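Counting convention: from 1, in listed order, for ligands and their atoms alike. Here the structure is a predicted model, which means the values were calculated and not measured. Excluded from the calculations below are hydrogen atoms, water molecules and symmetry mates; all remaining heavy atoms, backbone and side chain alike, are included.
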Amino acid sequence: MVSKKIPAFIPTLPTADQLLPYLKRIDASRIYTNHGPLYEEFLDRLSQQFRCSSDSLVCASSGTTAIAGAILAAAGRAREERPNAVIPAFTFTATGLAVEMCGFRPKILDVSAENWSLDPIQLKKLPDLDSVGLVVPVAPFGRPVDPYGWQQFQDETGIPVVIDAAASFESISSNAERYVSDLPTAISFHATKPFSTAEGGCVVCRDHDLIRQITNSLNFGFVETRETEMPGLNGKLSEYHAAMGLAELDSWQEKRSSFEHVSRMYVDACKARGIQKKLVVTPQISLSYILFAADNPAEAKVIESKLNAAGIEYRHWYSAGLHKQKYFQDKAPKPCPVTDWLATTLLGLPVAKDLDIETIDWICEQLIGPQ
Ligand SMILES: *Cc1c(COP(=O)(O)O)cnc(C)c1O
């Protein structure tokens, strides 16, 4: 029996000792930001993860600024003729805020029940597609989005597509040939994501010109000189965050295996109870999530109260969906029943890279629903 409260997520980032050699280099160079030597080295080592050249990557101060920088470079700010940005209801609120930051009016649509994401073929049939100036498909929980379907959509409609793949660091790095494409794909390095610089993010894209423009949009729209030539913001990754990234890469393999071990223990514990079919884990989704998919909202309620009673924190990572967030409520033209279903039935179970088997057993014991 475990008596203390179990949090929904406990992050682990590099320790002070692991960071120190990098911090000393910052002391010596007196370069603290603006794409200094640690930033360049981080970009270089990151590009090895994604099996691309460093021209295919730019880092940002967060996943949200990575999305916004990619939008400003790929689509520019919203224009009067095409004011809408199509985004899915099943996502974290940052997707909506990023498109708004770039002047777009969010048009929130429901996702497909098969892959929890927007469908490019369905979207092409949207009656008022000519009011749409941007689409941001989301890879929910890091569940990958097929870039080729979206590339086709962009080619056929001329509407720019930016992929919010915030939680997809591992799926993209393990399947780079498939998921690194000509579409700008934004990834988050937030502390709740498995690969983290505390705050930070990047955009990966095989189109080097576009990466250059995103780099500029994340640096005040400066191009060659200190002259703003395009819309922009300050979304740069500092040398301190690059130091975090380098230290994180130093022990990434080990961190990744620890998360994988946790996921395997969850699967085994659920197998022993005959409920493993209800578990959604890596590689289908990101290592930082272990999802319990209840059969229906009523079962989810029962499991939630059992978890509550046992002092186990769980999370609806996307709350009730973007269309139900107070600020975005009036931006969904139609009801979003699939998102409503997913948002209520998917429970995020506790994750930490050092979660032990006793705790996992105790958590899974609560997942046995009414028979
Ligand atoms: C984490 C996340 C973001 C935001 O990333 P930040 O680094 O926290 O700004 C955006 N979209 C999705 C789907 C996310 O999971």
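Of the charged side-chain nitrogens involved, none lies within less than 4.0 Å of a carboxylate oxygen, so that Lys24 and Asp27 do not count as a salt-bridged pair. Comment: Asp119 does not engage Lys125 in a salt bridge, judged by the lack of any side-chain N to carboxylate O separation of less than 4.0 angstrom.
Not a single heavy atom of Glu199 sits closer than 4.0 Å to an atom of ligand 1.
Donor-acceptor pairing under 3.5 Å is lacking for the side chains of Asn308 and Glu304. Between Ser174 and Arg256, the side chains place a donor N or O and an acceptor N or O closer than 3.5 Å (distance only, hydrogens not considered). Of the N and O atoms on the side chains of Ser258 and His261, not one donor lies less than 3.5 Å from an acceptor on the other residue. Side-chain atoms of Thr95 and Asp164 form a donor-acceptor pair, as typed in the model, at a separation below 3.5 Å.
Counting heavy atoms closer than 4.0 Å to ligand 1, residue Thr64 contributes atoms from both its backbone and its side chain.
Proximity to Ser62 (heavy-atom distance under 4.0 Å) selects the following atoms of ligand 1: 7 (O), 9 (O). Residue Ser188 approaches ligand 1 through these ligand atoms, each under 4.0 Å from one of its heavy atoms: 1 (C), 5 (O), 6 (P), 7 (O). Heavy-atom proximity to Thr91, at under 4.0 Å, picks out these atoms of ligand 1: 13 (C).
Taking any N or O of Ile67, backbone or side chain, none lies under 3.5 Å from an N or O belonging to ligand 1.
In terms of protein heavy-atom proximity, atom 11 (N) of ligand 1 is closest to Asp164 OD2, 2.9 Å. The protein heavy-atom contact nearest to atom 15 (O) of ligand 1 is Lys193 NZ, 3.0 Å.
Looking at Phe92, Tyr289, Trp116, Phe90 one by one, the single match for ring-ring contact (aromatic ring centres under 6.0 Å, His included) with Trp317 turns out to be Tyr289.
Evaluated by nearest non-hydrogen atom to atom 14 (C) of ligand 1, the leading choice among Ala166, Gly201, Ala94 is Ala166.
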